[in-house]
Amino acid sequence: MSSDTLAKAPAAPDLPRPADTLPIVPRRRLGQWTAAVAVLVLLALAVNSVLRNEAFQWDVVADYFTTDAVLRGLWLTLWLTAVVMGLGFALGTLLAAARLSTNPVLRSVGWGYVWLFRSIPILVQLLLWFNIGALYPQLFGVRTVDLFTPIAVAIIGLTLHEAAYAAEVVRGGILSVDRGQIEAAQALGLSRWRRWWRIVLPQAMRAIVPPAGNMLIGTLKGTSIVSVIAVQDLLFSVQLVYHRTYQVIPLLMVATVWYTLVTSVLSVGQYYVERHYARGTGPAR
Amino acid sequence: MSVMVDIRSVHKSFGSLEVLKGIDLSVRAGEVTVVLGPSGSGKSTLLRTVNHLEKVDRGAISVDGELIGYRRSGDRLYELPEREVLRQRTRIGFVFQNFHLFPHLTVLDNVVEAPVSALKRPRGQAVEAARRLLERVGLAEKADAYPRQLSGGQQQRVAIARALALEPRLLLFDEPTSALDPELVGEVLDVMRDLAGQGTTMIVVTHEIGFAREVADTVVFMDDGRIVEQGPPGDVLDRPREERTKAFLSKVL
């Protein structure tokens, strides 16, 4: 009788129905449900405590969220990030080219740069540049302290730091491009410049964009470190306020919410940039 | 007929491994030369020296009377600047075993790229020519597809169209069907047969003995960095004189 359970049998009231006509009942995933409920409960508790804790002073957060001082700080954070990313990747691309070059001197210098600037903590580097006047009191006939203003120190320090990481990201991207692509371009007589801009870089971008997006977001938040040399970025602007009013938590929340907002926008942007460079990588036939 | 490719006493080593041990070969214009040989015999390296993708250590190669990769001055050969090498390459089409189409460009842009950027053709004119070439290899309707959306055989036909877009004097094929599924080999060989029939000068490195027998004017058998035997297909394939040729043919036929 067991072999008959799969065969179609005439429908009779007391005979079991054949297996291929039976409805399917999914297995119960009890563990999954328990975990989901536990996490939801914890989340609700956390949100409740954030909203109900008077000390957050959400009304103060709202009051300061779009004040001039905060917006000026936000604007500085944004353009500093843009400048540092731009200069950092420009320098980083040159360094990557140096590290991949056939010239042993360029290769060593590229390697040495990356080694040095990845080794020095950014905070230490900023303080060093800030005090560079102790080493060179005069540069080009100008007092060094006049040249190395806090904002100049911020741009120089962050860019040099960024470039070391960008160099590795770009180098990795270039190495990810199949060697045959360059040979094909050479065989077609494409110039070195054209091979780089038209063939290698667009393909390398697929490997460069995700870590570069990470770096962009990291830099946006990382610029807050310049508050230690009194550059009025977003963090320093809210600090100026709470030093006066002692509303530390609500003003830190102002900065937190702004950083989160900008980061979210950047993440959305990254999605579209990645999609752009994914051209031609659809399912293979 | 005039000599299109003249290879004289070419030597090439990779480190301590000598892969070309003195090759002499001449290819007449309008003829098809098929190079056979076991893997590691140096046939692909030889092909790559013809458009200077590999530099030779010794010897000289000229295409259509022009020395490739070097300039003769007195008793010396001076390496040409890259710009000059690139210009020479635009007159020599190269088809790779693994196609090497540019995956981020459409089929049409793959074909248009070199005429526009290396030959400075106006884009409109290059696009028109590219569409004609794609039609010739039977892929006119795939112009806007990306390479990955095509089968291997279709990709290789695009690669041939891309090489033809430079209107080369010479076409080099480096095992053009070796990366293809068996049922796709025929469509690529058809295109190559068609080109041969129109008097294109071709050097083809391949394992397709049938193609050699049918299309080649000259078959060259290489082994261990040397040319062992060469001649019309009827001689080399059917009445080989050398033991090594016989041994190789008995394995592949």
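Note that these values count all heavy atoms, side chains included, but never hydrogens, waters or copies made by symmetry. Letters go in sequence order (proteins before strands), and every chain restarts at 1.
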> Based on non-hydrogen pairs under 4.5 Å, which of B/G93, B/A118, B/S117, B/A163 is most in contact with chain A?
Replying inline: B/S117
>> Once rounded to the nearest 0.5 Å, what's the spacing between atom CD1 of A/I182 and atom CG of B/L53?
In response: 12.0 Å
>> Less than 4.5 Å apart, side chain to side chain, heavy atoms only: is that true for A/R195 and B/L86?
In response: yes
> Which bit of B/F94 comes within less than 4.5 Å of chain A, counting heavy atoms only: side chain, backbone, both or neither?
Replying inline: side chain
> Does any heavy atom of chain B fall under 4.5 Å from the side chain of A/R206, the backbone, both, or neither of them?
Replying inline: neither
> After noting the C-alpha distance and the side-chain angles of B/L105 and A/R198, does the key distance pass the side chain to side chain contact (heavy atoms under 4.5 Å, CB included) rule?
Replying inline: CA-CA 9 Å; B/L105 303 181; A/R198 178 71 167 165; 3.7 Å; yes
>> Quick check on B/R162 against chain A: is it the side chain, the backbone, both or neither that has a heavy atom closer than 4.5 Å?
In response: both
> If you measure from CG on A/L190 to OG1 on B/T90, what distance do you get to the nearest 0.5 Å?
Replying inline: 10.5 Å
>> What I'd like to find out is whether the side chain of A/E183 reaches to under 4.5 Å of the side chain of B/R48, using heavy atoms alone.
In response: yes
> Contact part of B/N98 toward chain A, heavy-atom cut-off under 4.5 Å: side chain, backbone, both or neither?
Replying inline: neither
> Within a reach of under 6.0 Å around CZ of B/R71, are more than 12 heavy atoms found that belong to other residues, nucleotides or ligands?
Replying inline: yes
> Has the side chain of B/H100 got a donor or acceptor atom that lies under 3.5 Å from a matching backbone atom of A/A185?
Replying inline: no
>> Taking OH in A/Y271 as the centre, count heavy atoms belonging to other residues, nucleotides or ligands within less than 6.0 Å. Is the count above 12?
In response: no
> Has B/R8 got more than 12 heavy atoms of other residues, nucleotides or ligands less than 6.0 Å from its CZ?
Replying inline: no
>> I need the minimum non-hydrogen distance between B/F96 and A/A184, along with the two atoms involved.
In response: CE1-CA, 3.6 Å
>> Need one label for B/L172: side chain, backbone, both or neither, based on atoms under 4.5 Å from any heavy atom in chain A.
In response: neither
> Would one find more than 12 heavy atoms of other residues, nucleotides or ligands at under 6.0 Å from atom CH2 of A/W79?
Replying inline: yes
> B/L101 versus chain A, heavy atoms under 4.5 Å apart: side chain, backbone, both or neither?
Replying inline: backbone
> For A/R192, does the CZ atom sit with more than 12 other heavy atoms under 6.0 Å from it, leaving out its own atoms?
Replying inline: no
>> Need one label for B/P147: side chain, backbone, both or neither, based on atoms under 4.5 Å from any heavy atom in chain A.
In response: neither
